[in-house]
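Worksheet: the structure to be examined is printed underneath.
Just so you know, ligand 1 is whichever comes first in the structure, and atom 1 is the first atom listed for that ligand.
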Amino acid sequence: MLVNGREILAWAVARRCAVASFNTYDLELTRALIAAAEAEQAPIFLAAGAGALEFAGFTLLSAVVLAAAEEATVPVAVHLDHATHPALVERAVAAGFTSVMVDGSALPFAGNVAHLQAARTAVGPWALEGELGGVGGSEDRAGSQHSEVPMTDPDEAAAFAEHTGIDSLAVAIGNAHGVYKGEPRLDLDRLAAIEAVSPVPLVLHGASGIPDGLIAACIERGVRKINVNTELRRAWFEQLAAGLALDGGRYDLPAVFGGAMESVTGTARSFIRLFRDGASGG
Ligand code: 13P
């Protein structure tokens with residue numbers, strides 16, 4: 001069922017665990033991700049970014065994602081990821097999205113606040129996520145950790161949340177979108193300092209490639225929503241390539257795509273278990 005993102009955040013806060021936010025680009029990924037949530041009987045955020053909406057077409061992709069969420073047997077929030085343009089926020093809310101992330105992290109503090117205050121009005125009762133500091137890499141492509149990207153300043157976090165009215169705060173603690181170069185290094189002390197002052201739950205972007213133990217350490221320090229994209233695309237493409245190699249020139253679309261969907265479902269289930277149950281996955 002389609003629910004307000006606030007409800008799912010509250011679920012994670014009450015359980016002191018984290019909910020998965022998975023990015024989708026099309027019908028097949030959407031179905032594979034919902035299947036994972038249903039198999040684990042867990043709520044999820046189903047996220048579409050501006051790039052995905054542009055690629056698939058806003059009308060078509062939003063219709064697919066919203067219909068899939070409504071049909072699901074578990075709570076699903078349909079989330080607009082990394083919106084930078086107010087027009088896209090308004091369009092998503094009008095279409096029925098129940099959660100929005102407005103990315104003003106490239107702006108100075110006051111500009112980021114102003115951006116989010118305007119979005120707060122547009123988003124109304126639905127969940128609104130802001131970001132303070134910058135997460136390196138790009139949303140849809142393999143990125144890398146950038147040492148020049150500023151991290152979230154704990155001294156600014158409380159005022160940021162209060163002035164913007166956000167429901168969750170995405171942190172920059174050394175995390176990056178895409179594939180990490182070497183071992184990711186997260187500033188856990190900074191995360192603990194942010195948690196100590198933040199009136200809202202924290203969000204970790206760029207979870208692909210972060211070891212399980214480090215994910216668990218982030219959950220212990222107040223992260224309640226975790227975004228995964230690249231690892232799902234990796235599962236999709238690797239199985240697609242393997243399936244095509246075995247297809248023998250039949251171009252059996254349901255078989256080849258079906259195999260890739262199963263792989264994405266399996267990967268997504270592992271993340272759901274890790275975020276919900278901790279590093280043991282049990
Ligand atoms: P990854 O692609 O690194 O998993 O990041 C996903 C993300 O943060 C989406 O907002």
For His205, atoms of ligand 1 separated by under 4.0 Å from a heavy atom: 8 (O), 10 (O)
Per-residue contact class, Asp81 against ligand 1 - non-hydrogen pairs under 4.0 Å: side chain
By salt bridge (charged side-chain N to carboxylate O under 4.0 Å, His left out) - contacts of Arg250 (at least two apart): Asp252
His115 ring center within less than 6.0 Å of His85 ring center: no
salt_bridge(Asp167, Arg120) N-O dist < 4.0 Å: yes
Contact atoms of ligand 1, heavy-atom distance to Asn23 under 4.0 Å: 9 (C)
Proximity flag His82 to ligand 1, non-hydrogen atoms under 4.0 Å: yes
Region of Ala176 that comes within reach of ligand 1 [heavy atoms, distance under 4.0 Å]: backbone
Residues clustering with Met1 (ILVMFWY side chains joined when closer than 4.5 Å, directly or via others): Val3, Ile8, Leu9, Trp11, Val19, Phe45
Those atoms of ligand 1 less than 4.0 Å from some heavy atom in Val228: 4 (O), 6 (C)
Part of Val135 with heavy atoms under 4.0 Å of ligand 1, whether side chain, backbone, both or neither: neither
Carboxylate-amine/guanidinium contact Arg16 Glu220, below 4.0 Å: no
Per-atom contacts of ligand 1 with Thr230, taking only distances under 4.0 Å to non-hydrogen atoms: 1 (P), 2 (O), 3 (O), 4 (O)
Region of Glu231 engaging ligand 1 - heavy atom pairs below 4.0 Å: neither
Centroid separation Trp236 to Phe257 less than 6.0 Å: yes
Atom indices of ligand 1 within 4.0 angstrom of Gly178 heavy atoms, with elements: 1 (P), 2 (O), 3 (O)
Donor on one side chain, acceptor on other, Ser263 and Gln239, under 3.5 Å: no
Shortest reach to atom 7 (C) of ligand 1 by a heavy atom, considering only Met101, Glu131, His177, Lys225: His177
